Amino acid sequence: MRTLLKPLLAQDPRFVSFYAPIFQSLTGKNLLKLGQQVHAQMALRGFEPDAYLGAKMVAMYASSDDLDSAVAIFHRVNNPSTLLYNSIIRAYTLHGFSEETMEIYGRMHCLGLKGDNFTYPFVLKCCAELSRIWIGKCVHGLSLKVGLESDMYVGTSLINMYVKCCDMSDARRLFDKMTVRDVSSWNALIAGYMKDGEICLAEDLFGKMPGRNIVSWTAMISGYTQNGLAEQALFLFDEMLKKDSKVKPNWVTIMSVLPACAHSAALERGRKIHNFASRIGLESNVSIQTALLAMYAKCGSLLDARQCFERVRRTQNNLVAWNTMITAYASHGRGSEAVSTFEDMIVAGVQPDNITFTGLLSGCSHSGLVDVGLKYFDYMKRVYSVEPRVEHYACVVDLLGRAGRLAEAKDLISKMPMQAGPSIWGAMLSACRKHRNLEIAEIAARSLFILEPENSGNYVMLSNIYAEAGMWKEVDNLRVLLKAQGVKKNPGCSWTEVNGKAHLFLGGDTSHPQAKEIYEFLLDELPKKIKAAGYVPDTSFVLHDVSEEEKEHSLTTHSEKLAIAFGLLNTSPGVVLRVTKNLRICGDCHTATKLISRIYEREIIVRDLNRFHHFKDGNCSCGDYW
DNA sequence: ATAGGGTTAG
């Protein structure tokens, strides 16, 4: 380019047609220096650009990350033409300045410039980002008037605008009216339905659409993931690879499927997808590595998680990666590692944000680092200028509550500058259970029943507190309330992956093909061994007011015990067992698992609703602090 | 030029 330009610039050009193609060829190639040289020479010759040339120059500067110069040229040329205005609208949008785009569009309007199929998509994108549905509707009206409603780009942009402004009915109305629908219109609508939780409507469209591209598949996969339907997400990912060889998964596709592995703790599936991502050249993608980090952490493998983190660190100093690593340590109860990672992050010169502190504080609370946690809570605003939010207060309530400092926790709630939400009272309630404080428990539970009446976990928690105190009448009252409110109790279930296949167990479940074997183990072999090792069943975790013997039986068949038994029976010695439970692990299972880990010399990693428990040699990583 | 996106407390 340089050698090509030299002889050309030596001539004495007088025509726009000379400069315009030069600027055009410098656009999008990050050749700012060359662009500036040409511009300087032009100025030296006293040549003033017209609207056409001005637009080309604006485009060159904007694409070279010099928005200021682009804006300067726009104002200097100051020609009321759609062409020039389009160029500055594109420049602003490219740099994420939506407000400025809207202002320019407003000015076009005052000047009587109608805008064309190049203008509308950009303006609509800004309307979507700023949730300006009324301006969006005006643009819709205008595009109708000039006959652009069914333009491929304008149509899709309009649908996307309605989707982002949460107006699915108008999005659908327009979609139904369109005669020629681009794939992207279908995709935008599918994504909108998924965001609304309208899975069936999205599936219906996906089934009906004439041609699918990678975005269609990705929209469905990420939609399933976002709605907690991990199985469907993973299934569809496989379907895509099997049935549609034309589509090539890209980094967004991988990012959409990884949280599904994380959600269902499907470590082997996750590894396969990791290999797949490497094969298609995504190993150096920071977002992918961060998503992999989170996936491995949530699947119970801190080692793999750390490796992903180190891969990122080799090339980048990325805030999200630091946050994910800190949060990973926190969820595994490795508070001191969370703290040291935080300190490393500060040394590396990264400014922590609110997510950093939720990770750090929850790490401290899971590990009983009370004073350290309180210190960082104090520092976060004073030293790091991060304003504490409700989630940080929740962590501190948890921190104090777990440590038995209930009065201080309650005091903090009354003094915090915002309203206490479900996370605050939830932390308080579990602290009350741990430290057997009925009085505060009832206050916390009452708030929770109002704040999230549909969450069955809260009723169960209070019920357990009553049960532990032997208050069976209150337990019954609560059961009646639960029924009256129409709350469905979330059944406890656990699952484990063996040879890449997940096996799911419900409490007392006998439907598994190997149920006979599992029950023999749990009812016969195991009790002998663990009772010899000093195990006494802790029946206080059983809700029903039934005989001790019955209580013991219901304990023996808790879903996590079934999953662990299945794992022991179906894997060779030395293989780490990984079990995931949808609720909190029960205290009796916790005790039993510690003993199992010693007797059978097995490392057992249990992920419950809140955190990980690493059982090894008769101990748990949580140090019984949970 | 349009559609799909990583980390967040109990």
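Being a predicted model, the structure only gives us computed values, none of them experimental. Quick note: numbers below take in every heavy atom, side chains included, and nothing from hydrogens, waters or symmetry partners. Naming convention: chains lettered A, B, ... in sequence-line order (proteins, then strands); numbering from 1 in each chain.
Within 4.0 Å (heavy atoms only), A:Trp186 reaches no atom of the nucleic acid at all. Residue-level contact check: A:Arg584 touches neither bases nor backbone, having no heavy atom under 4.0 Å from any strand. Among the atoms of the strands shown, base atoms are found under 4.0 Å from some heavy atom of A:Pro422. Among the atoms of the strands shown, base atoms are found under 4.0 Å from some heavy atom of A:Ile214. Nucleic acid contact for A:Thr290: base, since at least one base atom lies under 4.0 Å from a heavy atom of the residue. A:Asp182 comes within contact range of at least one nucleobase, with a heavy-atom separation under 4.0 Å. Heavy atoms of A:Asn117 sit under 4.0 angstrom from at least one base atom. Using a 4.0 Å heavy-atom distance criterion, A:Val286 is classed as a base contact. Within 4.0 Å (heavy atoms only), A:Gln226 reaches sugar-phosphate atoms of the nucleic acid but no base atom. Contacts of A:Ala394 with the nucleic acid, taken as non-hydrogen atoms under 4.0 Å apart, are absent. The residue A:Lys164 sits close only to the backbone: its heavy atoms come under 4.0 Å of sugar-phosphate atoms, none of a base. At a threshold of 4.0 angstrom between heavy atoms, the contacts of A:Lys298 are confined to the sugar-phosphate backbone, with no base atom among them. Residue contacts shown for A:Leu448 include a base, since a base heavy atom lies under 4.0 Å away.
With a heavy-atom cut-off of 4.0 Å to chain A, the contacted part of DNA chain B has its first and last nucleotide at B:dA1 to B:dG10.
With sequence neighbours left out, A:Val286 forms a side chain to side chain contact (heavy atoms under 4.5 Å, CB included) with A:Thr290, A:Val312, A:Gln316, A:Asn318. In terms of the side chain to side chain contact (heavy atoms under 4.5 Å, CB included) criterion, residue partners of A:Ala338 (sequence neighbours excluded) are, by chain and number, A:Ile326, A:Tyr329. Residues meeting the side chain to side chain contact (heavy atoms under 4.5 Å, CB included) test with A:Leu406, sequence neighbours left out: A:Met428, A:Ala431, A:His435, A:Asn437, A:Ile440. Looking at residues two or more places apart in sequence or on another chain, you find a side chain to side chain contact (heavy atoms under 4.5 Å, CB included) between A:Leu94 and A:Arg90.
A:Phe357 does not carry A:Lys381 over the face of its six-membered ring by the limits of under 6.0 Å from the centre and within 45° of the normal.
In this pair, A:Tyr379 and A:Tyr376 present their aromatic rings perpendicular. The plane angle is above 60°, beyond the 30 to 60° band.
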Show every donor-acceptor pair shorter than 3.5 Å between a side-chain atom in residues 443-454 of chain A and any protein atom, with sequence neighbours excluded, or say none if there are none.
residue, atom, partner, partner atom, Å
A:Ser447, OG, A:Ile443, O, 3.2
A:Glu452, OE2, A:Asn455, ND2, 3.2
A:Glu452, OE2, A:Asn458, ND2, 3.0

